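Written out below as structure tokens is the structure these notes cover.
Below, read A as the first sequence line, B as the second, and so on, with proteins coming before strands; counting in each chain starts at 1. This one's a predicted model, so the numbers in the text were calculated from it and none came from an experiment. Any value given below was found using the heavy atoms of this structure, including those in side chains, with hydrogens, waters and symmetry copies removed.
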There are 2 protein chains.
Amino acid sequence: MMCEMSLRFRQLQAFHAIIETGTVTAAAAQLGISQPGLSNLLAQLEREVRFRLFERQRGRLVPTPEAEVLYREVETVVRGLDHVAQAVTDLQNKQAGQLQIASQHSISFGYMPRLIARFAADRPDMAITFQSQYSSKIQEWVASGLFEIGVCERPLLHDAFNVHAFHIETRIALPLDHPLTVYDVLTPEILDNTPFIVMGPDHMTHRRLRAAFAEAGATLNARVHSHLFRNLLGFVREGMGVALLDPFALEEEGDGRFTSRPFAPRILMDMVVITSKARPLSTVGRAFLDLLLDDLGKIAVKDSVRQANPSNA
Amino acid sequence: MMCEMSLRFRQLQAFHAIIETGTVTAAAAQLGISQPGLSNLLAQLEREVRFRLFERQRGRLVPTPEAEVLYREVETVVRGLDHVAQAVTDLQNKQAGQLQIASQHSISFGYMPRLIARFAADRPDMAITFQSQYSSKIQEWVASGLFEIGVCERPLLHDAFNVHAFHIETRIALPLDHPLTVYDVLTPEILDNTPFIVMGPDHMTHRRLRAAFAEAGATLNARVHSHLFRNLLGFVREGMGVALLDPFALEEEGDGRFTSRPFAPRILMDMVVITSKARPLSTVGRAFLDLLLDDLGKIAVKDSVRQANPSNA
DNA sequence: CACACATCATAAGTTTTGATGATGAGTCTT
DNA sequence: AAGACTCATCATCAAAACTTATGATGTGTG
């Protein structure tokens, strides 16, 4: 009684679009094909699975319970294809250079390009690949040998890295005309109930900020949530509140639309420079890593640039 | 510079198979197509993504770092298709009946069929769908309206159910010639270091069993792990050890190759009969539910068949 | 060294699948 | 009853997927 069925991806994609949009016509538009084409795909699929996926009620399609169960599985597959496409464009953007460096977004706009430029000045014929990404992606890339050197935040997800840890002290960014600019150092007490622009709740610094406020018995008034330091700054510029930022994002202070103050108690960002344990560093890689660590020593919190083992969590 | 790329699923499937098997020839066999066909798909994919996925070294394919990064994304998608196929066959096995009942495996061999037979005796022209599945799948099916009545174990994963809780007391099954058959009730002290056949460590009863042994300062000697009560029984029959089982599995006691004893402290299985909050029970559904709850009252631990709210975890 | 047997790539030809546009039937609105 | 929707069906055609046949290259063996 077992019979061959050949679920084709196109059919699942069609099915997915129909459930999502509610009608065949709209689904066809979403996929950029004609309505009869989609009708066919659906008919094929229903013939092959041998149960109804939709009740035809008064000319409309109403998903059966079976369809809803199936949809959950199909969802994973169809959405997954988007992820693959994204991965492909990420990989396409990587040029083949002699030295590959990836760093987390917040450090990628001002600091890293400047350092790389300085490094490349003495080496005119060397090609360097530099890319900005999320911390987890950077770790994946360095682990797989796609990039030689990565700069990202903790936590580390694998154990495949040589790790150089350093810590960056965060500061509070405020609009120029903010009343609290009169203080030299800001504390939770001073900032009690002040509108705050914060990172998503899963980010380290957010949790530490919240803890600092709780400790001081102050209220953290989280007005806007965002997920890139760079975005927070935009809101600060617009005067919507204050934000806790890393000094790299604050480099643009010169634009004169916001300023910054230290925060007490200090909140540090746990950052790391990683290289792959699996393959040894190239000569240029070594040279750049030395420059990077040396330079970070000037910015980072004292005594925090050192060799260290990866600590997960 | 952005150019159109049309990642076809078949190409990803090909890529996935090649990475998995290591050679094109083997991958072709796995997918059931010819080697040149696969070679073509790979060539297409490499042309479209515009970076090498494999180095051709001495006639063999060696994945590039890019390929390994891509593989992780592709993996999700391709494996997902298998899940969809599995879901489809699950759904195909469901017949269209007026009354749909699903129950967890352990209760599905003896008890439920017998009860359903009794119920159907008075109603000769009624079609009933009955299916045995894992607890989580049963919940999904009842939640989506695919089945009217489900019998499964806690924990409940949604809040979409009307819940009737009951508790089943487990017993220790032993081979007939086991020395411990001389006891009327078995305790952790008596069973200290006795070879045990146990459920996987994620199952409730396993954790409680372990706790009971720890409390008594006895050693739980887990000799075999399995994941279906029915399987445990097979090992007991073979004399490999004793096992903690629900009374439904023990119904076959008549076969004379094992026996059972109560265990102290009592270990109960948290079970529930669920129906969907979303749609009201049909008349037959109501009737069967009444019969089921009434009958469970005779088997279950006293005072434990009652209406209750779902409690998660 | 020559032979058998792997590997992957290419070419040409066939079958299957996907999509189109025209058409029709049903439902709801106005 | 017209018009704007829905979805299904048909004939048709192009693109994709697969086939067989063949060649180039590499490896291991007597």
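Contacts of B:R10 classified as side-chain contact (heavy atoms from CB on, under 4.5 Å), with partners at least two apart in sequence or in another chain: B:Q13, B:I33, B:L41. Applying the side-chain contact (heavy atoms from CB on, under 4.5 Å) test to A:T21 and every residue at least two apart in sequence or in another chain returns A:A26, A:A27, A:Q30. Here B:D290 pairs with B:R286 under the salt bridge (Lys or Arg N to Asp or Glu O under 4.0 Å) rule; sequence neighbours left out. Listed by chain and residue number, B:H16, B:Y71, B:R79 satisfy the side-chain contact (heavy atoms from CB on, under 4.5 Å) test with B:E75 (two or more places apart in sequence, or in another chain). Taking A:A29 as the reference, nothing meets the side-chain contact (heavy atoms from CB on, under 4.5 Å) condition, with sequence neighbours excluded. Applying the ring pair (Phe, Tyr, Trp, His ring centres under 6.0 Å) test to B:F9 and every residue at least two apart in sequence or in another chain returns A:F9. For B:F288, the ring pair (Phe, Tyr, Trp, His ring centres under 6.0 Å) partners at least two apart in sequence or on another chain are B:F119. For A:R52, the side chain to side chain donor-acceptor pair (under 3.5 Å) criterion is met by no residue, not counting sequence neighbours.
In this structure, B:R8 atom CZ and D:dC18 atom P are separated by 11 Å, rounded to whole Å. When the P atom of D:dA17 is taken as reference, atom CG of B:L7 falls 12 Å away, rounded to whole Å. Distance CZ (B:R10) to C1' (D:dA15): 16 Å, rounded to an integer number of Å. Between the P atom of D:dA17 and the CG atom of B:L12 lies a distance of 11 Å, rounded to the nearest Å.
The closest side-chain heavy-atom distance from A:F161 to A:V272 is not below 4.5 Å.
Between A:Q133 and A:D90, the side chains place a donor N or O and an acceptor N or O closer than 3.5 Å (distance only, hydrogens not considered).
Looking at heavy-atom distances under 4.0 Å, A:L41 makes contact with sugar-phosphate atoms alone, never a base.
Each end of the helix from C:dC1-D:dG30 to C:dT30-D:dA1 gets its own axis from five base pairs, and the two axes differ in direction by 30°, given to 10 degrees.
From the 5' end on, the contacts that DNA chain C makes with chain B at under 4.0 Å to a non-hydrogen atom open and close at C:dT7 to C:dT10.
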Quiz item: When you check every protein heavy atom under 4.0 Å of nucleotides 2-14 of chain D, what one-letter string (B, S, -) results, 5' to 3'?
Solution: ----SBBB-----

Side chains of residues 140-152 of chain B: which donor-acceptor partners sit under 3.5 Å, not counting sequence neighbours?
residue, atom, partner, partner atom, Å
B:S144, OG, B:E140, O, 3.2
B:S144, OG, B:W141, O, 3.1
B:E148, OE1, B:S282, OG, 3.0
B:E148, OE2, B:S282, N, 2.7
B:E148, OE2, B:S282, OG, 2.9

